[in-house]
Protein chains: 2
Amino acid sequence: MNVRTICLAILFDGETTGYDIRKQSTEGEYAYFVEASYGSIYPALAKLEQDGLVTSRVEEQKGRPARKVYSITETGRRVLLDSLFEPLVDDSYRCEFLLFARFASELPAALVEKRIAERICAVEAHVSNLEELEERDLKPTERWILDYGLASLRQHRKYLIEHKDELVALAQPEAAQAAQ
Amino acid sequence: MNVRTICLAILFDGETTGYDIRKQSTEGEYAYFVEASYGSIYPALAKLEQDGLVTSRVEEQKGRPARKVYSITETGRRVLLDSLFEPLVDDSYRCEFLLFARFASELPAALVEKRIAERICAVEAHVSNLEELEERDLKPTERWILDYGLASLRQHRKYLIEHKDELVALAQPEAAQAAQ
DNA sequence: TCGCACATGTAACGTGTTACATGATTAG
DNA sequence: CTAATCATGTAACACGTTACATGTGCGA
């Protein structure tokens, strides 16, 4: 799954701009399992237009930069749907916190405690974000994937809260040490 | 976290070869949150040696290709540990299955059912792999991260089994259709 | 006898990020 | 008055994957 596919997927439900696609992929429903930046989205949209999978029209606005609104074409729809018949590629998960945790025994307890707290915080923010989205009017499949994400995230939170002390106990009990 | 860091992390616990580092990062304890291929590991090790963070020695073997055994240096240890004091970068999670699920309503039920079954299978294989590792003699921090991974993976499995029918119900009930 | 495990490495390629350039409006 | 939001786009760069090249021994 590349940025091209993400653009097509988001445009499948209605026209938008590159700016908005990025928002949806970092704050919206897709944020849980995907992420993309302007530097990849704009070129992807240009390429999609070249290939006839989307079309665009420029909308002037007063006092704001003009927006370039993209719409998916019939070909675009078919290409996206067809691609979903292909075998799925495996998930990729990169987590620096686990590498950090792996070396907890070499690090000061205060730092370990701080990083766990930060992680719990980040997970909680993510949960809140998804909970907010759940309030909205969603299609059933949207709700299903959101529920999946929430279940997973809540489990992370639970695990971290229940087991944080074990990890801190493995760290270096330095007498007086400020974490960074 | 890049491949360079992963190499350093694995070498922290003892000398090995590039070949083995890849194995550990795809089958071993690290596999849950990281993955790397030869094409990135070998150049990374060469660079690390240039920078004096690791050293190497060639071990001839009878009837087998010679192995190049890398060891971490004191500088290497310090560099790795120092890097763990830096703020952690956010997790990245890419999941094509969720994109697929998002479009379940446009796809034949047989296909949706098949893909969920495959996913459950993949998760189960992953769980088995980690359970096997748990049997081994592990350091406490290794056990902690493995338990974290297992908890997460088991939760995925549970969710999928309990909610798969809901997703299938949203798909296209095509009378007679072979999934691919 | 076929293919896998062992073992290292390079080159081409794909893909995405970061930083930069530009600039008005609005909310705090 | 300062920062964020809206809005598009490019260029340099970092990073990693895939495929290729090479070759032996062992188990099914």
Side-chain angles (χ1 to χ4, degrees), chain A residues 1-8 10-11 15-28 30-31 33-51 54 56-70 83 89-94 96, chain B residues 1-8 10-11 15-28 30-31 33-51 54-70 83 87 89-94 96:
Chain A
M1 174 179 40
N2 46 24
V3 173
R4 205 179 145 84
T5 312
I6 297 161
C7 290
L8 235 32
I10 290 176
L11 289 170
E15 45 178 45
T16 20
T17 63
Y19 187 82
D20 211 64
I21 287 174
R22 183 191 156 266
K23 245 197 162 176
Q24 286 202 52
S25 84
T26 52
E27 295 164 34
Y30 288 87
F33 59 101
V34 116
E35 198 130 329
S37 63
Y38 295 131
S40 57
I41 290 171
Y42 286 121
L45 286 170
K47 186 72 183 358
L48 284 168
E49 188 164 24
Q50 258 182 45
D51 296 349
V54 306
S56 71
R57 98 188 107 84
V58 175
E59 248 177 34
E60 297 297 336
Q61 296 180 115
K62 36 171 194 333
R64 291 255 183 90
R67 20 186 346 246
K68 198 163 170 186
V69 181
Y70 286 91
S83 78
V89 305
D90 290 331
D91 295 11
S92 85
Y93 180 49
R94 281 221 155 180
E96 199 152 271
Chain B
M1 173 181 38
N2 46 26
V3 173
R4 207 179 143 84
T5 311
I6 297 161
C7 290
L8 235 32
I10 290 176
L11 288 170
E15 46 177 46
T16 19
T17 64
Y19 188 83
D20 211 63
I21 288 174
R22 183 192 155 264
K23 245 198 163 175
Q24 285 203 51
S25 84
T26 51
E27 295 164 34
Y30 287 87
F33 60 102
V34 115
E35 198 130 329
S37 64
Y38 295 131
S40 55
I41 289 171
Y42 286 121
L45 287 170
K47 187 71 185 357
L48 285 169
E49 188 164 25
Q50 258 181 46
D51 297 348
V54 306
T55 54
S56 71
R57 96 187 109 82
V58 175
E59 247 178 35
E60 297 295 338
Q61 297 180 115
K62 39 177 190 331
R64 289 252 184 95
R67 15 183 356 239
K68 199 163 169 185
V69 180
Y70 287 92
S83 78
V89 306
D90 290 331
D91 296 12
S92 86
Y93 179 49
R94 282 222 150 178
E96 198 151 272

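Throughout, protein chains are lettered first and strands after them, A, B, ... in sequence-line order, and every chain is numbered starting at 1.
As rounded to whole Å, 13 Å separates atom C1' of D:dA4 from atom CD of A:Glu27. Note: OH (B:Tyr19) to P (C:dC6) measures 4 Å, nearest angstrom. Between A:Ile41 atom CD1 and C:dT18 atom P there is a gap of 13 Å when expressed in whole angstrom units. The nearest whole Å value for the distance from the CD atom in B:Gln61 to the C1' atom in D:dT24 is 11 Å. Across the protein-nucleic acid pair, A:Asn2 atom CG and D:dT17 atom P stand 16 Å apart, rounded to whole Å. Here C:dC6 presents its C1' atom at 16 Å from CD1 of B:Ile21, a figure rounded to the nearest Å. Between the CE atom of B:Met1 and the P atom of D:dA14 there is a distance of 20 Å, given to the nearest Å. The CD atom of B:Glu59 sits 10 Å away from the P atom of C:dT8 (whole-angstrom rounding).
Checked by atom type and distance alone, the side chain of B:Glu15 never pairs as donor or acceptor with a backbone atom of B:Val69 at under 3.5 Å. Within the 3.5 Å criterion, the main-chain N or O of A:Gln61 finds no donor-acceptor partner in the side chain of A:Arg67. No donor-acceptor pair under 3.5 Å is formed between the side chain of B:Gln24 and the backbone N or O of B:Ile10.
Within the 4.0 angstrom heavy-atom criterion, no nucleotide atom of any strand lies near A:Arg4. Residue contacts for A:Arg22: at a heavy-atom cut-off of 4.0 Å it reaches no nucleic acid atom on any strand shown.
The side chain of B:Ser37 approaches D:dT18 more closely than any other nucleotide in the set D:dT18, D:dG9, C:dG16. The side chain of A:Tyr42 lies closest to D:dT8, out of C:dT8, C:dT17, D:dT8.
Applying the 4.0 Å criterion to OP1 and OP2 of D:dA7, one finds that A:Arg67 has a side-chain N or O inside that range. Taking side-chain N and O atoms only, B:Ser40 has a distance below 4.0 Å to OP1 or OP2 of D:dT17. Proximity of B:Arg64 to the phosphate of D:dT22: no side-chain N or O atom is located under 4.0 Å from OP1 or OP2. Between B:Lys23 and C:dA7, a side-chain N or O to OP1/OP2 separation shorter than 4.0 Å is absent.
Near DNA chain D, defined here as any heavy-atom distance below 4.0 Å, there are no residues from residues 43-51 of chain A.
Residues A:Ile6 and A:Ile41 fail the side-chain proximity criterion, which asks for heavy atoms closer than 4.5 Å.
More than 12 heavy-atom neighbours from other residues, nucleotides or ligands sit within 6.0 angstrom of CG on A:Asn2.
The aromatic rings of A:Tyr19 and A:Tyr38 lie parallel to each other, their planes meeting at an angle below 30°, with 60° marking the opposite boundary.
The nearest heavy atom of DNA chain D to A:Pro65 and to A:Gly39 marks one nucleotide each, and the one closer to the 5' end goes with A:Pro65.
In this structure, the separation between CD on A:Glu35 and OH on B:Tyr93 is 14.0 Å, given to the nearest 0.5 Å. Expressed to the nearest 0.5 Å, how far NZ of B:Lys68 lies from CG of B:Leu45 amounts to 8.5 Å. In this structure, B:Arg94 CZ and A:Asp91 CG are separated by 11.5 Å, a value rounded to the nearest 0.5 Å.
Taking five base pairs at each end of the helix from C:dT1-D:dA28 to C:dG28-D:dC1, the local helix axes there meet at an angle of 60°, rounded to 10°.
Checked for salt-bridge contact, A:Glu59 and A:Arg57 meet the test: a charged N lies under 4.0 Å from a carboxylate O.
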